[in-house]
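Worksheet: the structure to be examined is printed underneath.
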Amino acid sequence: MTGRLKKVFPGGNTAYGFYSFYDFIIEPDAAHVFVIKGGPGVGKSTFMRRTGEELLARGYDVEFHCCSSDNGSLDGVVVPALKVALIDGTAPHVVDPKHPGVVDEIVNLGEYWREDGLRARKKEVLALNQEIKRLFNRAYAYLEAANILLNEVRAYYRDTGALDIAALDRLALELVHEIFAGRPCLEKGSFVRRLFATAITPDGPVSHLETIVGHLGRRYVLTGDDGTGKGAIVHRLMDAAQMRGYDVEAYHCALDPLRVDHIVLPELDTAVINNVEPHFYAPQPGDTVVDTGQLVDIAVDAYYGEERSVARTLYRRCLEQAVRFINQAKGRHDELESCYIPNMDFAAVETRRKEIVARILEAAAQAERGP
């Protein structure tokens, strides 16, 4: 039986530049972490993807940690049941072994390139790297502007008094009671794992939310405009879970990583989803839909509607421009990879990959046999 595939983003292109949650790819008690090193185009993503697909086919649940700057690439693969991860350890998410030789192991795919061929393209490689950096800097400037404008949209409900804060407080309290009623407080600390469900990519915002929450038994889907309190509800439910000792998967906003959009409570088989652009989630049969738009004074909202509409339009234009720059950076990165690909011994890389898969499976078999 094939395992279940979950897709997330461990890093993102945000209003604060590239933002990394790489420390949360795998929990601290990992059995083995393979840190894959090497330049662009050396086969790191293919190495990880093929390994993940092979373990999926053997029935293991697998996480694909997707690259926010290249929709077709992976930054990591995790096999939770085996506590094994493969992680891209190159810029912009440099990863170095924390426990070398004990848990972490470097796999250097640079061992399989022909340096003489690469040196002949040195000037081209340096120029492309410089242009990629420039393009990302432009993208991040527009994302910063987009975030300012989206915060303007949110501020209208608060600053005009259109949102009934007291009603929002009551609603949050009702949800805390509904989710945790009859559930004991656990005698352990709460572990919060932080990742992205959505990322701003060369193709625009991309969400893998369905692979994260689609299998869960309970889903609370929060609907309503930005600024109507959905984020506040998510944070209060997250706080309630932590106070009771329940672990939390916190999925942060793709634009503003200081905000949490969705949470999953694995021990309660429950998700709370912020159903808003760009990660719309169509409620499924049995889902509980909570509309915070009902907490808004329609008359007050309508009076300031035009101002809010202008801010949202400008937000979208800035986001679109940022995506254009990220897409151009992806094009230059593809050119950079073309400098490396002809100078790689991919047959040797594949041999190394198969050796690692064999080691992972042997370790799993030993664990099943016991001491």
Does atom [atom1] ([X]) have a neighbourhood of more than 12 heavy atoms from anything else shown, all under 6.0 Å?
{"X": "Lys122", "atom1": "NZ", "answer": "no"}
{"X": "Gln130", "atom1": "CD", "answer": "no"}
{"X": "Leu126", "atom1": "CG", "answer": "yes"}
{"X": "Tyr220", "atom1": "OH", "answer": "yes"}

Heavy-atom check, side chain of [X] versus side chain of [Y], under 4.5 Å:
{"X": "Phe18", "Y": "Phe136", "value": "no"}
{"X": "Ile179", "Y": "Val272", "value": "yes"}
{"X": "Glu277", "Y": "Arg316", "value": "yes"}
{"X": "Leu295", "Y": "Thr228", "value": "no"}
{"X": "Leu336", "Y": "Asn129", "value": "yes"}
{"X": "Leu82", "Y": "His32", "value": "no"}
{"X": "Tyr140", "Y": "Glu144", "value": "no"}
{"X": "Arg219", "Y": "Tyr281", "value": "yes"}

State the [atom1]-[atom2] distance between [X] and [Y], to the nearest 0.5 angstrom.
{"X": "Arg317", "Y": "Glu320", "atom1": "CZ", "atom2": "CD", "answer": "8.5 Å"}
{"X": "Leu143", "Y": "Asn13", "atom1": "CG", "atom2": "CG", "answer": "7.0 Å"}
{"X": "Arg312", "Y": "Asp225", "atom1": "CZ", "atom2": "CG", "answer": "4.5 Å"}
{"X": "Asp75", "Y": "Cys66", "atom1": "CG", "atom2": "SG", "answer": "8.5 Å"}
{"X": "Asp345", "Y": "Glu111", "atom1": "CG", "atom2": "CD", "answer": "11.5 Å"}
{"X": "Asn147", "Y": "Tyr315", "atom1": "CG", "atom2": "OH", "answer": "9.0 Å"}

Is there a continuous path of hydrophobic side-chain contacts, each under 4.5 Å between heavy atoms, that joins [X] to [Y]?
{"X": "Val221", "Y": "Leu268", "result": "no"}
{"X": "Val77", "Y": "Val107", "result": "yes"}
{"X": "Met243", "Y": "Ile233", "result": "no"}
{"X": "Val276", "Y": "Leu175", "result": "no"}
{"X": "Val234", "Y": "Tyr157", "result": "yes"}

Review point. Parallel, tilted or perpendicular: which fits the ring planes of His252 and Phe196, with parallel below 30° and perpendicular above 60°?
Key: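 Ring orientation of His252 relative to Phe196: perpendicular.
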Check your understanding: Would you call the rings of Phe191 and Phe24 parallel, tilted or perpendicular if under 30° counts as parallel and over 60° as perpendicular?
Key ->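 Aromatic pair Phe191/Phe24 classed tilted.
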Exercise for review: Validate the cation-pi geometry between Arg244 and Phe180: distance from NZ or CZ to the six-membered ring centre under 6.0 Å, angle to the ring axis within 45°.
Suggested key: yes
Measure from the side-chain N and O atoms of [X] to the backbone N and O of [Y], and report whether any donor-acceptor pair falls under 3.5 Å.
{"X": "Ser338", "Y": "Glu335", "value": "yes"}
{"X": "Arg236", "Y": "Val176", "value": "no"}
{"X": "Lys44", "Y": "Gly38", "value": "yes"}
{"X": "Asn327", "Y": "Pro202", "value": "yes"}
{"X": "Thr270", "Y": "Leu265", "value": "no"}
{"X": "Thr160", "Y": "Tyr156", "value": "yes"}
{"X": "Arg49", "Y": "Gly72", "value": "yes"}
{"X": "Lys330", "Y": "Asp70", "value": "no"}
{"X": "Arg332", "Y": "Lys133", "value": "no"}

I need the minimum non-hydrogen distance between [X] and [Y], along with the two atoms involved.
{"X": "Pro266", "Y": "Glu249", "result": "CG-OE2, 3.8 Å"}
{"X": "Asp247", "Y": "Gly189", "result": "OD1-O, 3.9 Å"}
{"X": "Ala250", "Y": "Val192", "result": "CB-CG1, 4.0 Å"}
{"X": "Val79", "Y": "Leu55", "result": "CG2-CD1, 3.5 Å"}
{"X": "Ile341", "Y": "Gly41", "result": "CG1-O, 3.5 Å"}
{"X": "Gly52", "Y": "Val62", "result": "O-CG2, 3.8 Å"}

Study note, to complete from the structure: salt bridge (Lys or Arg N to Asp or Glu O under 4.0 Å) test vs Glu63 passes for just one of Arg193, Lys7, Arg4, namely Arg193
Salt-bridge criterion met for [X] and [Y] (N-O under 4.0 Å):
{"X": "Glu54", "Y": "Arg353", "result": "yes"}
{"X": "Asp256", "Y": "Arg154", "result": "no"}
{"X": "Asp261", "Y": "Lys230", "result": "no"}
{"X": "Glu362", "Y": "Arg359", "result": "no"}
{"X": "Lys6", "Y": "Asp61", "result": "no"}

Practice item. Test Phe34 against Ile360 for side-chain contact (heavy atoms from CB on, under 4.5 Å), laying out the working first. Key: CA-CA 11 Å; Phe34 297 92; Ile360 292 172; 3.9 Å; yes
Review point. Asp291 and side-chain contact (heavy atoms from CB on, under 4.5 Å): which partner among Leu222, Thr223, Val296, Asn275?
Key: Thr223
Without hydrogens or angle criteria, can the side chains of [X] and [Y] be said to hold a donor-acceptor pair below 3.5 Å?
{"X": "Tyr246", "Y": "Arg183", "value": "no"}
{"X": "Asn137", "Y": "Arg134", "value": "no"}
{"X": "Asn274", "Y": "Tyr251", "value": "no"}

Exercise for review: Start with the C-alpha gap between Leu5 and Leu56, add the side-chain angles, then the distance that decides, and say whether side-chain contact (heavy atoms from CB on, under 4.5 Å) holds.
Suggested key: CA-CA 7 Å; Leu5 177 61; Leu56 265 174; 4.0 Å; yes
Review point. Are Asp88 and Leu74 close enough, and set up right, to give a side-chain contact (heavy atoms from CB on, under 4.5 Å), and what steps lead you there?
Key: CA-CA 8 Å; Asp88 182 342; Leu74 297 180; over 6 Å; no
Point to revise | Glu124 and Cys339: CA distance, side-chain angles, deciding distance, side-chain contact (heavy atoms from CB on, under 4.5 Å) verdict | key: CA-CA 8 Å; Glu124 184 179 357; Cys339 297; 3.7 Å; yes
